[in-house]
Amino acid sequence: MTAAAAATSPHAWLQAQARWNRTEIAFWLATLLPFWLFPDYLVLASQIAITALFALSLDLILGYAGIVSLGHAAFFGLGAYTAGLAAKYGWGEPLTGLMLGALAAGIVGYAASFIIARFRHLALIMITLGMGLLLAELANSLHWLTGGTDGLQGVKMWPIFNKFRFDLYGTTAYSYSLIVLFLCFLVARRIINSPFGLSLRGIRENPLRMPALGASSRAHLRKIYTISAVLAGIAGALLAQTTETVSLEVLGFQRSADVLVILILGGAGRLYGGLVGAIIFMVARDQFSGNTPQFWYFWIGALLIAVVMFLPNGILGGLAKLSSAWRSRA
Amino acid sequence: MSAALATRGLDKRFGSLVVARGIEFSLPLGARYALIGPNGAGKTTLINLMTGMLRPDAGEILLGDEPIAALPPERRVARGLVRTFQINTLFPHLTPLEAVTLAVCEREGVARTWWRRVSAYSGVVDEAHAILSSLMLGADCYRPTRELPYGRQRLLEIALALATRPKVLLLDEPAAGVPRDESAELFAAIANLSRDITVLFIEHDMNFVFRFASRIIVMVGGRILLEGTPEEVSADPRVREVYLGKSHRTGVHHG
């Protein structure tokens with residue numbers, strides 16, 4: 001993909017694959033711009049960071065291991081309700097709340113992974129969809145615990161490190177979400193550059209060959225599904241903590257579908273796809289959905305069809321193609 | 001001396017179609033055997049049975065002295081029984097270096113590690129590169145697999161199998177579809193396989209079979225018709241009738 005193909009040793013070539021490039025560094029520096037350029041939009045920026053983390057968690061299973069999920073909101077919602085309930089019933093410390101959310105999503109994700117690892121394609125879509133619906137309905141019926149359609153009220157967060165209070169402008173919320181997103185991104189980045197990540201790409205590229213190399217694909221799939229559930233849980237917990245409320249919508253089918261759309265738009269299997277997709281999707285929704293919120297999906301539908309038809313690797317895939325074409329001309 | 005790989009009374013049927021009946025053979029350590037037979041004789045099915053991609057209805061498979069018929073495919077590979085595929089079964093978007101490194105990582109049990117970079121395992125990377133170089137893929141190992149010429153992809157099939165350190169290697173038509181001008185490297189690769197590896201290969205190209213095989217097993221209709229030296233097999237009238245006479249060099253390939 002890069003000019004590193006001219007490298008002389010296999011070590012140098014593999015190291016170059018994992019090295020931070022300038023675009024990446026520029027991207028992360030740019031995430032700091034809202035503090036100065038759009039101080040009135042930090043609440044939105046924080047929601048974008050949370051959605052980006054959620055999309056990143058989906059990318060790990062869809063883009064890297066080929067697991068299609070239409071019910072990933074299950075883990076987002078589990079994280080959100082766990083962190084929200086912890087804060088409501090007296091434990092408003094954000095960082096441990098985040099860990100509780102991660103733990104709850106991780107445990108359920110691990111249990112579910114034993115089913116997930118056995119199926120592919122349409123069966124997988126139906127199973128994940130079913131699990132998502134199941135959990136959403138469960139939360140709806142446990143009105144005494146979740147508040148049902150009224151949402152979870154009375155979530156009170158303590159200041160982070162007893163120092164940084166969640167403010168009305170979203171300064172703390174965005175800082176907090178961005179740092180958590182970045183740390184989770186580092187973990188995801190390390191995973192895909194690891195031997196485990198290589199095996200995941202192997203499963204995505206050719207599941208038939210993996211057992212012929214002595215690999216236990218199911219063990220790998222169970223592991224990445226659990227990791228993905230943990231990250232989705234962290235994203236959900238972040239939303240609960242930064243908005244100090246949890247609505248049923250965190251578990252909704254719409255959220256599962258949206259995150260899939262975001263990832264496909266941005267480009268699956270390239271880590272930044274979910275991040276870029278989240279920025280485009282959320283900013284566009286904020287700008288266009290003002291008067292007629294439902295109408296905005298008309299444009300998302302059109303965009304989705306266009307991207308899948310003309311940019312099968314998403315917007316990032318299209319950009320990568322463009323830049324390599326430009327480079328080979330120069 | 002015990003055999004490297006042996007089967008006892010292997011049966012398999014799909015409904016009323018018998019694809020393997022009473023298959024018994026044994027490969028001595030370090031042997032070079034060819035498995036031939038007309039289309040639909042059950043050659044690839046036999047490889048699928050031995051490697052665990054299909055389950056036999058009856059019979060036993062012995063790898064060394066160890067029965068393996070109950071093991072899943074990946075455990076058989078870990079014990080040293082490895083195959084290649086008639087139709088390229090590769091990782092199109094990975095480079096050969098990544099693919100072979102993947103295979104070595106799996107063998108070494110480091111493929112579960114997610115907190116260290118691949119490049120931190122320099123021994124693994126060196127070995128992967130050495131395997132690729134030995135198969136003359138050193139210069140191509142940084143290009144995505146799908147961009148490689150077909151003959152090179154056939155070599156990568158073998159490189160992936162070698163990365164698992166096989167004791168017994170089952171090659172399913174290694175030269176299938178390789179143009180003549182690309183076949184020299186493939187023939188050299190197979191000629192250079194370590195004598196520690198026991199090899200059974202399916203092949204339609206009789207030049208190939210007579211060049212590499214010390215013995216030939218002929219399958220017809222899910223049974224072993226006979227086993228013998230190349231001279232014995234080519235002299236046998238039954239073989240001439242069912243196989244050599246008809247599809248020899250006609251370029252017919254089985255499914």
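Below, chains carry the letters A, B, ... as their sequence lines are ordered, and counting in each starts from 1.
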Peer 1: Can you tell which of B:S122, B:A78, B:P72 has the highest number of heavy-atom pairs within less than 4.5 Å of chain A?
Peer 2: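 Among B:S122, B:A78, B:P72, the one with the most close pairs to chain A is B:S122.
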
Peer 1: Do you know which two heavy atoms are closest between A:L213 and B:L160, and how far apart they sit?
Peer 2: CD2-O, 3.7 Å

Peer 1: Check whether B:H129 gets within reach of chain A through its side chain, its backbone, both or neither, counting any heavy atom under 4.5 Å.
Peer 2: side chain

Peer 1: Chain A heavy atoms under 4.5 Å from B:T95: which part of the residue, side chain, backbone, both or neither?
Peer 2: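 When you check distances to chain A, only side chain atoms of B:T95 fall under 4.5 Å.
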
Peer 1: Counting heavy-atom pairs closer than 4.5 Å to chain A, which one of B:T101, B:L90, B:T145, B:L132 comes out on top?
Peer 2: B:L90

Peer 1: Only pairs of heavy atoms separated by less than 4.5 Å count here; which of B:P73, B:A103, B:P92, B:C105 has the most with chain A?
Peer 2: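 Top option by heavy-atom pairs under 4.5 Å: B:P92.
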
Peer 1: What closest approach, in Å, do B:V125 and A:P10 show between heavy atoms, and which atom pair accounts for it?
Peer 2: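 The pair with the smallest heavy-atom distance is CG1-CB, 3.8 Å.
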
Peer 1: Roughly how far apart are A:R209 CZ and B:L94 CG, rounded to 0.5 Å?
Peer 2: 12.0 Å

Peer 1: To the nearest 0.5 Å, what is the distance between CE on A:M210 and CD on B:E74?
Peer 2: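 Result: 10.5 Å between the selected atoms.
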
Peer 1: Could you tell me which of A:A212, A:S217, A:G197, A:A219 has the largest number of non-hydrogen atom pairs under 4.5 Å with chain B?
Peer 2: A:A212

Peer 1: Can you find a pair of side-chain heavy atoms, one from B:T113 and one from A:F196, that are under 4.5 Å apart?
Peer 2: no

Peer 1: Non-hydrogen atoms of chain B under 4.5 Å away: do they reach the side chain of A:H11, the backbone, both or neither?
Peer 2: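 Contact with chain B involves both backbone and side-chain atoms of A:H11.
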
Peer 1: Inspect the surroundings of CZ in A:R189 and state if more than 12 heavy atoms from other residues, nucleotides or ligands are less than 6.0 Å away.
Peer 2: yes

Peer 1: Tell me the closest heavy-atom pair linking A:P195 and B:V118, and the distance in Å.
Peer 2: N-CG2, 3.4 Å

Peer 1: Need one label for B:E108: side chain, backbone, both or neither, based on atoms under 4.5 Å from any heavy atom in chain A.
Peer 2: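 Nothing of B:E108, per the 4.5 Å heavy-atom cut-off to chain A.
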
Peer 1: Quick check: closest heavy atoms across B:A111 and A:H220, and the distance to 0.1 Å?
Peer 2: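 Of all heavy-atom pairs spanning B:A111 and A:H220, the closest is O-CE1, 3.5 Å.
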
Peer 1: Can B:R117 and A:L14 be said to form a side-chain contact (heavy atoms from CB on, under 4.5 Å), step by step?
Peer 2: CA-CA 9 Å; B:R117 285 182 183 169; A:L14 282 169; over 6 Å; no

Peer 1: Does any non-hydrogen side-chain atom of A:W13 lie less than 4.5 Å from one of B:C141?
Peer 2: no

Peer 1: Has the side chain of A:Q15 got a donor or acceptor atom that lies under 3.5 Å from a matching backbone atom of B:S119?
Peer 2: no

Peer 1: Identify which part of B:T164 has an atom lying under 4.5 Å from any heavy atom of chain A, answering side chain, backbone, both or neither.
Peer 2: side chain

Peer 1: With a 4.5 Å cut-off on heavy-atom pairs, point out which of B:R143, B:R83, B:R76, B:E157 contacts chain A the most.
Peer 2: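 When all of B:R143, B:R83, B:R76, B:E157 are compared, B:E157 has the most.
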
Peer 1: Where do A:K223 and B:W114 come nearest, in terms of heavy atoms and distance?
Peer 2: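 What the structure gives for the nearest pair is CE-CD1, 3.6 Å.
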
Peer 1: Just checking B:F187: does its CZ atom have more than 12 heavy atoms from other residues, nucleotides or ligands closer to it than 6.0 angstrom?
Peer 2: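 Atom CZ in B:F187 is packed in, count exceeds 12.
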
Peer 1: What are the two closest heavy atoms between A:R190 and B:W115, and how far apart are they?
Peer 2: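 Looking at all heavy atoms of both residues, the shortest contact is NH1-O, 3.0 Å.
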
Peer 1: Answer yes or no: does atom CZ of B:R146 have more than 12 heavy-atom neighbours from other residues, nucleotides or ligands under 6.0 Å?
Peer 2: yes

Peer 1: Only pairs of heavy atoms separated by less than 4.5 Å count here; which of B:R107, B:E106, B:R75, B:R79 has the most with chain A?
Peer 2: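 Heavy-atom pairs under 4.5 Å are most numerous for B:E106.
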
Peer 1: Is A:M131 atom CE crowded by more than 12 heavy atoms from other residues, nucleotides or ligands, each under 6.0 Å away?
Peer 2: yes

Peer 1: Which atoms of B:R116 come close to chain A, meaning under 4.5 Å heavy atom to heavy atom: side chain ones, backbone ones, both, or neither?
Peer 2: backbone

Peer 1: B:L102 versus chain A, heavy atoms under 4.5 Å apart: side chain, backbone, both or neither?
Peer 2: both

